[in-house]
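See below for the structure under consideration.
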Number of protein chains: 2
Amino acid sequence: MPVSESVSEQCPDCKRISEVLTRVGDRWSVLVIISLAQYGTLRFNELKRNLGISQRMLSRTLRELERDGLVNRTYHPTIPPKVEYNLTAMGESFREPVSALGQWALENLVTIDAARESYDAAAERKQAVAS
Amino acid sequence: MPVSESVSEQCPDCKRISEVLTRVGDRWSVLVIISLAQYGTLRFNELKRNLGISQRMLSRTLRELERDGLVNRTYHPTIPPKVEYNLTAMGESFREPVSALGQWALENLVTIDAARESYDAAAERKQAVAS
DNA sequence: CAGTATCCTACTTGATACTG
DNA sequence: CAGTATCAAGTAGGATACTG
């Protein structure tokens with residue numbers, strides 16, 4: 001992610017915040033963390049079914065989260081193999097700010113939808129006038 | 001964003017949460033909101049300089065945020081034109097969960113970096129053994 | 001079961017150039 | 001100044017097939 005030169009003049013925290021956000025802030029990471037926070041421990045295919053995520057993306061997401069120290073991976077060399085995932089301490093600590101965000105999201109979904117509709121309606125009227 | 005059928009069995013909130021997150025949870029939206037929360041009111045080019053964002057992306061991000069009812073846009077038809085942006089009430093209310101996230105991000109950057117390094121080091125050792 | 005490998009499409013983003 | 005239009009490049013993400 002190449003960052004342009006003009007970055008020098010910006011609010012000091014923005015760069016670092018966005019660093020972390022691009023790490024753990026993407027759609028799938030957040031959902032995996034929420035699921036693990038809710039259920040404690042889950043197997044690969046349990047997560048897959050839970051989230052409606054493709055095998056490929058789940059595999060990648062879990063590897064990144066393990067790499068960043070947010071989830072633990074436990075491999076049981078049975079036949080068939082069994083792999084379990086759960087949150088590390090840091091993963092747990094991430095839970096709180098994330099659920100605050102989730103809470104806000106749920107509370108404001110309706111308002112946002114309404115704002116969108118009125119915005120779109122206004123845009124359409126403008127369009128009609130212009131024609 | 002087409003969602004697969006298997007979604008039916010998932011945690012009920014995940015879908016709605018991810019809806020909102022894909023709306024206001026992307027990198028630039030969060031940074032714009034943080035900046036406006038910090039400075040109150042900013043002009044287009046002030047935001048652009050602050051964030052090191054391209055004109056195109058800033059324009060799109062602001063339009064979406066306005067559409068979702070999170071920011072106000074005020075157009076002054078002077079020459080040259082002057083456009084000011086600030087947070088709406090809902091935008092302000094978003095500030096709290098977002099700064100909680102930002103706070104967590106700042107606090108855990110170092111830990112995450114350390115986790116990555118140790119993970120990568122372990123992966124390299126594994127690689128060396130395999131060869 | 002828990003992945004990896006490959007292929008392919010669609011969206012995202014930046015750079016550049018132009019406009020009122 | 002505050003954008004829009006266009007193009008080029010990279011990335012996200014799904015589908016499919018294969019492996020230990």
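Treat the numbers as computed from the prediction; the structure is a model and nothing was measured. Chain identifiers are assigned alphabetically (A, B, ...) following the order of the sequence lines, protein sequences preceding nucleic acid strands; residue numbering begins at 1 within each chain.
B/Tyr119 and A/Leu87 fall into different hydrophobic clusters, where Ile, Leu, Val, Met, Phe, Trp and Tyr side chains are chained together by heavy-atom contacts under 4.5 Å.
One finds no side-chain N or O of A/Arg27 lying less than 4.0 angstrom from the OP1 or OP2 phosphate oxygen of C/dT12. Distances shorter than 4.0 Å separate none of the side-chain N or O atoms of B/Arg49 from OP1 or OP2 on D/dA2. Look at B/Arg43 and you'll find a side-chain N or O under 4.0 angstrom from OP1 or OP2 of D/dA2.
Counting heavy atoms from C-beta outward, A/Leu42 and A/Tyr85 have side chains that stay 4.5 Å or more apart. For the pair A/Leu101 and B/Val98, the minimum side-chain heavy-atom distance is below 4.5 Å. Proximity of B/Thr61 to B/Glu64: side-chain heavy atoms (C-beta onward) are nowhere separated by under 4.5 Å. Side chains of A/Met90 and A/Asp68 form no contact here, defined as non-hydrogen atoms less than 4.5 Å apart. Residues B/Thr74 and B/His76 are in side-chain contact: their nearest non-hydrogen atoms beyond the backbone lie under 4.5 Å apart.
Atom-to-atom, CD of B/Glu46 to P of D/dG3 comes out at 13 Å; the value is rounded to the nearest Å. Summarising the geometry, the separation between NE2 on B/His76 and C1' on D/dA2 is reported as 13 Å, rounded to the nearest angstrom. Rounding to whole angstrom units, CE of residue B/Met57 and P of D/dG10 are separated by 18 Å. As rounded to whole Å, 14 Å separates atom P of D/dA12 from atom CG of B/Asp26. Between the CZ atom of B/Arg73 and the P atom of D/dA2 there is a distance of 10 Å, rounded to whole Å. Rounding to whole angstrom units, CG of residue A/Leu58 and C1' of D/dG13 are separated by 13 Å. As a whole-Å value, the separation of B/Glu66 CD from D/dA2 C1' is 14 Å. To the nearest angstrom, P of C/dG14 lies 11 Å from NZ of B/Lys48.
Checking A/Gln55, A/Glu84, A/Arg73, A/Lys82 one by one against A/Phe44, the side chain to side chain contact (heavy atoms under 4.5 Å, CB included) holds for a single residue, A/Gln55.
Residues from residues 80-87 of chain B that place a heavy atom under 4.0 Å from any atom of DNA chain D, listed by number: B/Pro80, B/Pro81, B/Lys82, B/Val83, B/Tyr85.
Note that CZ of B/Arg67 and CZ of A/Arg116 are 4.0 Å apart. Values are rounded to the nearest 0.5 Å.
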Give the dot-bracket string for DNA chain C, reading 5' to 3', where a pair is Watson-Crick or G-U wobble with both distances under 3.5 Å, ( ) marks pairs inside the strand, [ ] marks pairs crossing earlier ones, | marks a partner on another strand, and . marks unpaired.
-> ||||||||||||||||||||
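Of the possible donor and acceptor atoms, one in the side chain of B/Ser99 sits under 3.5 Å from a partner among the backbone N and O of B/Glu96.
When every heavy atom of A/Ile33 is checked against every heavy atom of A/Phe94, the shortest pair comes out as CD1-CD2, 3.3 Å. The two residues A/Trp104 and B/Ser93 come nearest to each other via the heavy atoms NE1-OG, 2.9 Å.
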Using a 4.0 Å cut-off on protein heavy atoms (strictly under), produce a 5'-to-3' string for nucleotides 4-11 of chain C with B for base contact, S for backbone-only sugar-phosphate contact, and - for none.
-> B-BB----
